[in-house]
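Okay, structure first, notes after.
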2 protein chains.
Amino acid sequence: MLDSPFARKLKAFVTLSDSDLNVVSTLDKRKRHFAPGRDMFHAGQTDASAFILATGWACGYILLTDGTRQITAIKVPGDFLGLRSILFRTSDHNVEPITPVEASEVRINDLFGAFAGTPRLAIAFLWAASRDEAILVEHLVGLGRRSAAQRVGHFLLELAARLKLVGLGDKTGYDCPMSQYLLADTLGLSAVHVNRVLRELREAGYATFQLGRVTFQDLPGLFAFCDFNANYLDHDGPLLK
Amino acid sequence: MLDSPFARKLKAFVTLSDSDLNVVSTLDKRKRHFAPGRDMFHAGQTDASAFILATGWACGYILLTDGTRQITAIKVPGDFLGLRSILFRTSDHNVEPITPVEASEVRINDLFGAFAGTPRLAIAFLWAASRDEAILVEHLVGLGRRSAAQRVGHFLLELAARLKLVGLGDKTGYDCPMSQYLLADTLGLSAVHVNRVLRELREAGYATFQLGRVTFQDLPGLFAFCDFNANYLDHDGPLLK
DNA sequence: CGTAGCTTTGATGTAGGTCAAGAAATGTGG
DNA sequence: CCACATTTCTTGACCTACATCAAAGCTACG
């Protein structure tokens with residue numbers, strides 16, 4: 001509704017009027033539920049929908065012919081998911097729930113209906129898509145040029161910032177339902193190495209990831225260690241008043 | 001104009017009317033020229049413009065504090081560049097020309113002016129942005145899960161497909177102004193290793209990259225070797241008639 | 001025609017992968 | 001609330017793909 005994580009996120013970028021917010025809540029109509037273990041949509045599908053994630057986590061991924069996979073995006077509440085799937089003839093990726101998921105189904109016409117009347121919302125939406133792209137770019141940089149330890153730390157910090165924007169977690173840490181296997185497929189590492197790196201971060205006194213919870217012991221230290229700069233998340237408060 | 005590489009590309013997705021195309025050519029007004037060696041815009045800049053590349057190649061990149069860099073996108077004629085720079089408060093990346101570049105400057109208001117009157121164009125534009133994201137995703141997958149040789153081969157094949165869409169290159173190959181250093185920063189490798197991999201691809205009879213030209217000797221073989229599937233470029237002819 | 005930037009190659013080092021196996025945690029049915 | 005199965009985590013030993021360092025041969029162009 002008016003205070004969905006998605007609306008909350010958009011408001012970080014543009015100030016939205018009540019009528020704008022009403023249009024947002026229109027998009028939030030067709031609620032769907034998904035359980036882990038079954039894809040929300042898959043690569044090759046031609047009639048895929050997009051979704052706005054309300055609760056739970058999901059991940060987008062691509063499977064290679066040699067059986068390995070690369071997770072291309074981790075989605076948390078408030079995130080939009082599957083834009084490419086509705087714009088392309090066939091989806092180029094898969095999305096699966098990490099936890100039980102509650103999400104609103106969005107079809108292409110919903111989207112353009114919403115844009116037609118409320119240009120301000122179109123701006124906000126394009127911003128959200130660009131922010132997702134910025135996150136993708138930062139992952140790319142990590143895979144290309146950061147060490148495994150920096151990559152893991154950077155990712156944990158990014159999640160903290162993204163969750164905070166939608167009101168989840170706090171300064172001390174956050175609940176994270178990802179297994180080390182998921183972390184590995186996200187960060188282009190082996191699960192074994194993720195485990196070693198996590199121990200390294202723990203022993204260095206930076207952060208702990210255990211029993212489904214990320215806890216920060218030394219945030220400034222971790223920031224410095226990972227060369228983390230949150231600018232790419234563009235969270236500095238409403239730009240368009 | 002009516003047959004700019006950008007218009008040509010959009011037409012691969014939607015059938016555009018003459019009046020749609022006129023609006024596109026409106027965006028193509030403010031022609032600018034850039035020479036290699038100086039950024040078109042840089043990270044941290046607050047008043048950056050976006051551009052539609054008419055001729056020449058450019059690259060977007062991010063600099064890390066340890067002095068390494070990661071190229072996040074290679075832009076060829078017809079590509080749009082700098083969307084995040086105009087939507088974000090400050091640009092999160094740099095763009096520099098690889099060759100002399102001719103490009104049309106686009107400001108945020110041009111964009112929304114164009115969208116307001118011609119929704120079909122907005123769809124086409126959103127498609128172009130999503131296609132750029134798909135390219136990004138595929139690079140991410142390469143960095144995370146493909147071997148250096150597959151990564152290089154995949155990249156050469158992708159460029160061939162992208163150039164073909166805007167009428168550059170042919171079945172035998174294409175002109176490529178990238179140095180092995182640029183290739184290395186794009187693919188997350190060292191320049192030395194890029195050189196070795198290029199030799200490997202040459203000796204395997206797949207492709208040659210020498211003197212600024214990529215030449216394919218065994219396209220089917222290279223497709224198979226790299227696990228290349230062009231679906232993510234979404235080139236199957238106009239979807240929206 | 002000189003010099004700066006590319007390309008090529010060899011020798012050596014290392015981050016992170018793979019394999020293997022045991023210990024914790026978590027889930028399931030009774 | 002327990003017994004058992006399954007998944008996840010953890011650690012050690014070993015290996016390989018790619019990095020780094022170094023140096024020589026090209027190319028181009030001012």
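Each chain gets a letter, A, B and so on, in the order its sequence line appears, and its residues count up from 1.
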Closest-nucleotide ordering on DNA chain D, the 5'-leading residue of B:R146 and A:M178: A:M178
Rounded to whole Å, please give me the gap between CZ in A:R145 and C1' in D:dA19. 10 Å
Partner of A:E105 by side-chain hydrogen bond (donor to acceptor under 3.5 Å, both in side chains), out of A:K29, A:R32, A:K31: A:R32
Reading DNA chain C 5' to 3', which nucleotide is the first, and which the last, to come under 4.0 Å of any heavy atom in chain A? C:dG16 to C:dA25
Between P on D:dT7 and CG on A:L182, what's the gap in Å once rounded to a whole number? 14 Å
Atom CD of B:E200 to atom C1' of D:dC18: distance rounded to whole Å? 12 Å
Should A:N195 be listed as having a side-chain N or O under 4.0 Å from OP1 or OP2 of D:dT10? yes
What is the distance, to the nearest angstrom, from the OH atom on B:Y181 to the C1' atom on D:dT27? 14 Å
Please compare A:G212 and A:R196 by the position of their nearest nucleotide in DNA chain C and report the one closer to 5'. A:R196
Can you tell me if B:K75 uses its side chain to pair, donor with acceptor, with the backbone of B:F80 under 3.5 Å? yes
Between B:I98 and B:L182, which heavy-atom pair has the shortest distance, and what is it? CG2-CD1, 3.9 Å
Side chain A:R202, main chain A:T208, donor-acceptor under 3.5 Å: no
At 4.0 Å (heavy atoms only), tell me whether B:G188 reaches a base, stays on the sugar-phosphate, or touches nothing. sugar-phosphate
Pick base, sugar-phosphate or nothing for A:V197, based on heavy-atom distances below 4.0 Å to the nucleic acid. nothing
In whole angstrom, what separates A:H193's NE2 from D:dC14's C1'? 15 Å
A:R199 near the nucleic acid: base, sugar-phosphate alone, or nothing, with a heavy-atom cut-off under 4.0 Å? sugar-phosphate
Would you check if the side chain of A:R30 reaches a backbone N or O of A:A103 as a donor-acceptor pair within less than 3.5 Å? no
Taking CG from B:L211 and C1' from D:dG25, how many angstroms apart are they, rounded to a whole number? 14 Å
OP1 or OP2 of D:dT10 less than 4.0 angstrom from a side-chain nitrogen or oxygen of A:Q210, does that happen here? yes
Examine A:H139 together with A:F155 and report whether their ring centres are nearer than 6.0 Å. yes
Just checking A:S179: base, sugar-phosphate only, or nothing, at a heavy-atom cut-off of under 4.0 Å? sugar-phosphate
Tell me what A:L189 touches on the nucleic acid: a base, only sugar-phosphate, or nothing, going by heavy atoms under 4.0 Å. sugar-phosphate
Does the distance from a Lys or Arg side-chain N to an Asp or Glu carboxylate O, for B:E138 and B:R146, drop under 4.0 Å? yes
